[in-house]
Amino acid sequence: VLPTKDEPRWIQDQTRFQNKLAELGYDAEILFSQADPSMEKSNVEALITKGVEVIILCPHDSAAAAASAEAARDAGVTVISYDRLITDTEAVDYYVTFDSVAVGEAQAQYLVDKAEGNWNPLYLYAGAATDNNAFLFFEGAWNVLQPKIVDGTFYIVNSSQAVELQETAELTRDEMGDIISQITTNWDFDDAKSLAEANLTAASADDKGDVFILAPNDGTARAIADAFGADTDVDSFVVTGQDAEIASVQYIIDGKQSMTVLKDVRNLVDDAISVAVSVVEGETVQTTGEYDNGVTMVPAIQSEVITVDRSNVIEAIIESGYWDASEFTGLDQLEEVEEEEEEAGIDLEICGTDEEVTITYVGDPVDTSKAAELATIERFNEYCPNITVNRIDGDPSTTDLLASYFTVFEAESSDLDVIRVDVVNPGVLAEHLLDLNPYTPDAQKASYIPSLLVNNTVDGRLVALPIPVSYTHLTLP
Ligand code: BGC
């Protein structure tokens, strides 16, 4: 039972379910609830009457769906909550989902990576408050954006509640609810567009220019992008999304939407079907975690997500077989741009450069972190085989450490590729350098090296390799 036919996301799930079920030879019926909890309940009841053993339910309204889940449980039917968690009831047996907090984090990280300097206008938008996922997405986004609001990289334009709470790193559900009530799109394209237009009308010209927009999903991103694109005071905007809907992938190719988060529905469908089959066959269901639905901990299986923008759309969407190239126009031009970049020897996505580069790093010979530095460098060298980083001991007797670094570099090689040397403490933000604070154990490890190198690459040349003083929190992908 899926929430609505009015969003391409759920049509996608329907098609991918049908394909997989046909392949496996199962009989199944897919019903839509058209954003109406009472229709959802009648759908569930109709299936119970037919004698089904398992219902896979993606609720329109997480709490209202408790009644449907309870009706199923009373009839002895196993309930699998699909993508969105059914809350406020014990009657949920399993939850198959994407890592929704990671979706919000990926969206926010994209905005952070694209922002330069300080005091960038940030517009926040969220999903429907009736959808538990809207909170998870917002929580993830806040994890990454809040420190960048506090440090002055961004300021929030369109939510007084968010401004009031901007010093608070971890929001309660009620606090998130207060913010979401001001910035909700209700997952509705028209609502999203009108809210964006209202925000732009209320904003001053100073709050426009080059702006950053957290849009919760692809449908709302396109609507919001259209509104921002039509405002002549907006010079440029970076806007997020999720779902890799065909229309948004086209927007990305055309440069009208900046990114999407690919949640590979094929994986979710596979997980849901394999849980259902295990239940029917009486086998033990393998789960990998659990989610609190307010009443009980629901055993869950969680899938990972991937950030997609123009730089990897061909690989992530076309070459992965997610959508067929024939769905899109303009892929040829995109390939040409990529080829030109490759010919220029720049592959910023991987290691900042695909040229052979040697970087010599000079450290303090008595520095207690020397061993950790060496370990970091060793793993870096494995990760980027075209870049070799050496660490050598500097002269500890000098009082001018930086001057001594240069002396050692010059003695080391007459053919240097390193143009500058930066001594970095986590959190220090020098020109070209990346704020290392966001790269905590749980956040964005995988983007650390690429982001670091992109930030330190000028005209395709890696100009500095900052090695932070504290290493324990760095894990290379
Ligand atoms: C889903 C998103 C979808 C949104 C609107 C969320 O619960 O996880 O993929 O875009 O609902 O339907």
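Only this structure's heavy atoms are used, side chains among them; waters, hydrogens and symmetry mates stay out. Remember, it's 1-based here, ligands and their atoms both numbered in the order they're listed. For clarity, every value in this text was computed on a predicted model and none was experimentally measured.
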>> Between Phe154 and Phe212, is the ring-ring contact (aromatic ring centres under 6.0 Å, His included) condition met? List the steps.
In response: CA-CA 9 Å; Phe154 296 112; Phe212 294 80; 5.4 Å; yes
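- Note that Arg16 lies in the cation-pi zone of Trp323, set by a 6.0 Å cut-off to the ring centre and a 45° limit from the axis.
- Near Phe137, the atoms of ligand 1 lying under 4.0 angstrom from a non-hydrogen atom of the residue are 8 (O).
- Ionic pairing of Arg266 and Asp270 is not present here: no N-O contact between side-chain nitrogen and carboxylate oxygen is shorter than 4.0 angstrom.
- Checked for salt-bridge contact, Lys193 and Asp226 miss the test: no charged N lies under 4.0 Å from a carboxylate O.
- At the shortest separation from atom 11 (O) of ligand 1 among protein heavy atoms lies Arg84 NH2, 2.9 Å.
- In this structure, the protein non-hydrogen atom closest to atom 12 (O) of ligand 1 is Glu7 OE1, 2.5 Å.
- Close approach to Asp131 involves these atoms of ligand 1, each under 4.0 Å from a residue heavy atom: 6 (C), 7 (O), 11 (O).
- Taking 4.0 Å as the cut-off between side-chain N and carboxylate O, Glu29 and Lys50 count as a salt-bridged pair.
- Atom 10 (O) of ligand 1 has as its closest protein heavy atom Asp243 OD2, 2.6 Å.
- Taking every non-hydrogen atom of Lys263 and a distance limit under 4.0 Å, the qualifying atoms of ligand 1 come out as 1 (C), 2 (C), 8 (O), 9 (O).
- Residues Phe237 and Tyr123 keep their aromatic ring centres 6.0 Å or farther apart.
- Close approach of ligand 1 to Asn217 is summarised as follows: ligand atoms under 4.0 Å from at least one heavy atom of the residue are 3 (C), 4 (C), 5 (C), 10 (O).
- Ranking the protein heavy atoms by distance from atom 8 (O) of ligand 1 puts Asp83 OD1, 2.7 Å first.
- Near Trp10, with a cut-off below 4.0 Å to any heavy atom, the atoms of ligand 1 are 1 (C), 11 (O), 12 (O).
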> Going through the checks in order, is the ring-ring contact (aromatic ring centres under 6.0 Å, His included) test met by Phe17 and Tyr82?
Replying inline: CA-CA 12 Å; Phe17 261 116; Tyr82 178 82; 5.3 Å; yes
